[in-house]
Amino acid sequence: MIFTQPLTILTLVLRLTHSVCMFPGGNQWGDWNDSQLQPTIQKLMKGYNRYLRPNFNEGPVEIGMSLDIASIDAISEINMDYTATIFLRQRWRDSRLVFPGNESVSVDGRLVSLLWIPDTFIPDSKRSFLHDVTVDNRLIRIFSNGTVLYALRITATIACNMDLTKYPMDRQVCTLQLESWGYNLQDVVFTWTRGNDSVKGLDTLRLAQYSVETYYTSVSQAVYETGQYPKLVLHFALRRNVLFFILETYVPSTLLVVLSWVSFWISQSSVPARTCIGVTTVLTMTTLMMGARTSLPNANCFIKAIDVYLGICFTFIFGALLEYACAHFCTMQHQTLGDIHRELLREFEDSNGNGSMPMVGSSQLHQIQREPTDQLVSSVSEADPTEEKPRKCCCLTVMKNTSRRAVSIFNVENPHNIDRHSRIVFPLAFLAVNVFYWLYYLFI
């Protein structure tokens, strides 16, 4: 007797709950009962089967769609996707929902569980969710002719295949696709309600690094193993704003190149100063190149425009450092030859004893330099007296002349001319490369 009364109360509560969740006539509508629905909705829902699409066995249902792009929150080159918040509106006609009059009925969004709705989805979506603050952001409006308006507020992260070869002067074309998950072309047909005017919000959209150039809509078909399905596609082109990258990357790298040219006006005897400028500019340029790649995908298949320009700047900076190494080597070689010249003159003066200083020209100095080679050649030719001596002498003569030409190529009369020529050659070459670079990436 102690447990009988609680069990009886529990049984009555369960029966009352079951009766509240049932419509008269045995129709079950979940949380909605007969007293909570308006009389018009009660009549519409009577005998309505939400598991059967409109025009069942009579032809496909035409579903018109329109979009409002509320925002494009982020565009990621690393993940190759973009995040957008959209208002998706779908319209179709259901003859089972016709009622007299010319008015429309807006019902609570939670009544969506009572109606048939299309199974539209975004095939390229990585992540998406329906906003639910303060309630689920849904709208259902039923017109007297049976037309149903169903609107949603969705935020989705959608894939976008990007071509970064011209980054940051690139132009990306992204898409937003809408498909039917289970109904094929024999069941539903997707259309844009007003063509390109079906999409709103892109004209007034403001993005951090991009500007929307053009957009257009298209109607297509998605072909899978299970059949052909309707598909709507929104295409929009995004042009990257290059001004930010000019101020952050291009101008600093150009100034580093110009800074490396300062060493051309510093004396070659100032070895620490010129070396410090060369090494500092090279290291700074390396740091700038590493920083420019932090926000980009680490893919070897992309040789981007900014990588090409940074590579050009690094080459000119490293070339300025090599120029000083070459000029310093020629200066030291010239000083060595001058010391030999003065030593020979001193020995000649001591041997004659007359105190005269004969002038020895550069041609004579070259002759002095070539004497060891001539002596070596003559000694080799005298040490090998054979029958083929004329032929060997001819080969040795050719080798001797070739060695003389090679020495004359690398011999610089005045090493300071290297810096003088570099002051003109380096800026002109850098200017020519810049003209070709910008013409190629901006207009080709």
Side-chain angles (χ1 to χ4, degrees), residues 27-30 41 43-68 84 86-99 104-105 107 109-126 128-130 136 138-154 156 158-159 161 174-199 215-236:
N27 293 327
Q28 185 175 355
W29 302 107
I41 304 301
K43 295 178 181 179
L44 293 177
M45 294 296 101
K46 187 176 182 179
Y48 186 90
N49 190 348
R50 65 188 179 96
Y51 299 108
L52 296 179
R53 64 173 179 85
N55 302 334
F56 188 72
N57 291 332
E58 295 181 5
V61 182
E62 183 175 341
I63 301 175
M65 296 194 183
S66 61
L67 289 174
D68 275 4
I86 61 175
F87 294 91
L88 174 62
R89 298 183 178 90
Q90 304 177 79
R91 290 178 176 86
W92 67 93
R93 188 175 184 277
D94 193 342
S95 59
R96 297 172 294 180
L97 301 177
V98 175
F99 60 90
S104 61
V105 178
V107 297
R110 289 170 290 184
L111 280 175
V112 68
S113 60
L114 305 180
L115 300 175
W116 177 90
I117 57 174
D119 55 350
T120 307
F121 78 106
I122 303 174
D124 293 336
S125 175
K126 297 181 178 179
S128 60
F129 64 91
L130 176 68
D136 290 345
R138 294 179 176 180
L139 169 66
I140 298 178
R141 184 171 298 165
I142 303 175
F143 296 86
S144 58
N145 62 350
T147 300
V148 181
L149 171 62
Y150 180 45
L152 299 169
R153 182 176 175 229
I154 305 171
I158 305 170
N161 294 326
C174 297
T175 61
L176 174 59
Q177 303 180 28
L178 300 172
E179 294 182 12
S180 175
W181 175 258
Y183 294 104
N184 55 26
L185 289 174
Q186 284 72 33
D187 298 321
V188 296
V189 176
F190 285 177
T191 59
W192 294 105
T193 55
R194 295 180 301 274
N196 291 338
D197 295 333
S198 303
V199 180
Y215 66 91
Y216 65 94
T217 59
S218 64
V219 180
S220 181
Q221 298 178 2
V223 180
Y224 298 101
E225 184 180 357
T226 55
Q228 297 180 351
Y229 298 86
K231 179 171 70 173
L232 299 180
V233 185
L234 167 64
H235 310 261
F236 57 96

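Quick caveat: nothing in here was measured; it's all calculated off a predicted structure.
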Practice task
Could you check Arg93 against Val98 for side-chain contact (heavy atoms from CB on, under 4.5 Å), going step by step and ending with a plain yes or no?
Solution key: CA-CA 9 Å; Arg93 188 175 184 277; Val98 175; 4.2 Å; yes

Practice task
Take Leu97 and Val148 through the test side-chain contact (heavy atoms from CB on, under 4.5 Å) and record every step on the way to the result.
Solution key: CA-CA 8 Å; Leu97 301 177; Val148 181; 3.5 Å; yes

Practice task
List the steps, then state whether side-chain contact (heavy atoms from CB on, under 4.5 Å) holds for Leu130 with Leu152.
Solution key: CA-CA 7 Å; Leu130 176 68; Leu152 299 169; 4.0 Å; yes

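A salt bridge links Arg53 with Asp187: the distance from a Lys NZ or Arg NE/NH1/NH2 to an Asp or Glu carboxylate oxygen falls below 4.0 Å. Salt bridge present: Arg89 and Asp68 bring a charged side-chain N and a carboxylate O closer than 4.0 Å.
When side chains are defined from C-beta on, Gln228 does not count as touching Asn184, because their heavy atoms never get closer than 4.5 Å. At a threshold of 4.5 Å between non-hydrogen side-chain atoms, the residues Leu178 and Val233 do not count as touching. Counting heavy atoms from C-beta outward, Phe236 and Cys174 have side chains that approach closer than 4.5 Å. Thr120 is listed as a side-chain neighbour of Phe190, based on a closest heavy-atom distance under 4.5 Å. Val112 places none of its side-chain heavy atoms less than 4.5 Å from the side chain of Val107. Between Phe87 and Leu67, the closest side-chain pair of non-hydrogen atoms is not below 4.5 Å. Side-chain atoms of Leu185 and Tyr229, non-hydrogen and from C-beta on, never get closer than 4.5 Å to each other. The shortest side-chain heavy-atom distance between Tyr150 and Trp92 falls under the 4.5 Å cut-off.
The two residues Asp119 and Ser180 come nearest to each other via the heavy atoms OD1-OG, 2.9 Å. Taking all atoms of both residues into account, the shortest heavy-atom contact from Phe143 to Arg141 is CZ-CD, 3.8 Å. When all heavy atoms are compared, the tightest approach of Asp94 to Tyr48 is OD2-OH, 2.8 Å. Taking every heavy atom of both residues into account, Pro230 and Tyr183 meet most closely at CD-O, 3.6 Å. The shortest heavy-atom contact between Ala222 and Lys231 is N-CB, 4.2 Å. Contact between Tyr224 and Glu179 at its shortest, heavy atoms only, is OH-OE1, 2.9 Å.
Atom CG of Asn145 is surrounded by more than 12 heavy atoms from other residues, nucleotides or ligands within 6.0 Å.
Judged by distance alone, with hydrogens and angles left aside, the side-chain atoms of Asp136 form no donor-acceptor pair with the main-chain N or O of Arg138 at under 3.5 Å. Side chain of Ser198 to main chain of Gly195: a donor-acceptor pair is present (N/O by atom type, distance under 3.5 Å, no hydrogens or angles).
The only option from Val199, Ile158, Leu88 that meets the side-chain contact (heavy atoms from CB on, under 4.5 Å) definition with Leu176 turns out to be Ile158. Checked options Thr217, Leu232, Thr193, Thr191; the residue passing with Met65 is Leu232 (criterion: side-chain contact (heavy atoms from CB on, under 4.5 Å)).
Rounding to the nearest 0.5 Å places CG of Leu115 at 5.0 Å from CD1 of Ile142.
Asp124 and Gln177 share a side-chain donor-acceptor pair at under 3.5 Å.
By the 30° and 60° cut-offs, the orientation of the rings of His235 relative to Tyr216 is parallel.
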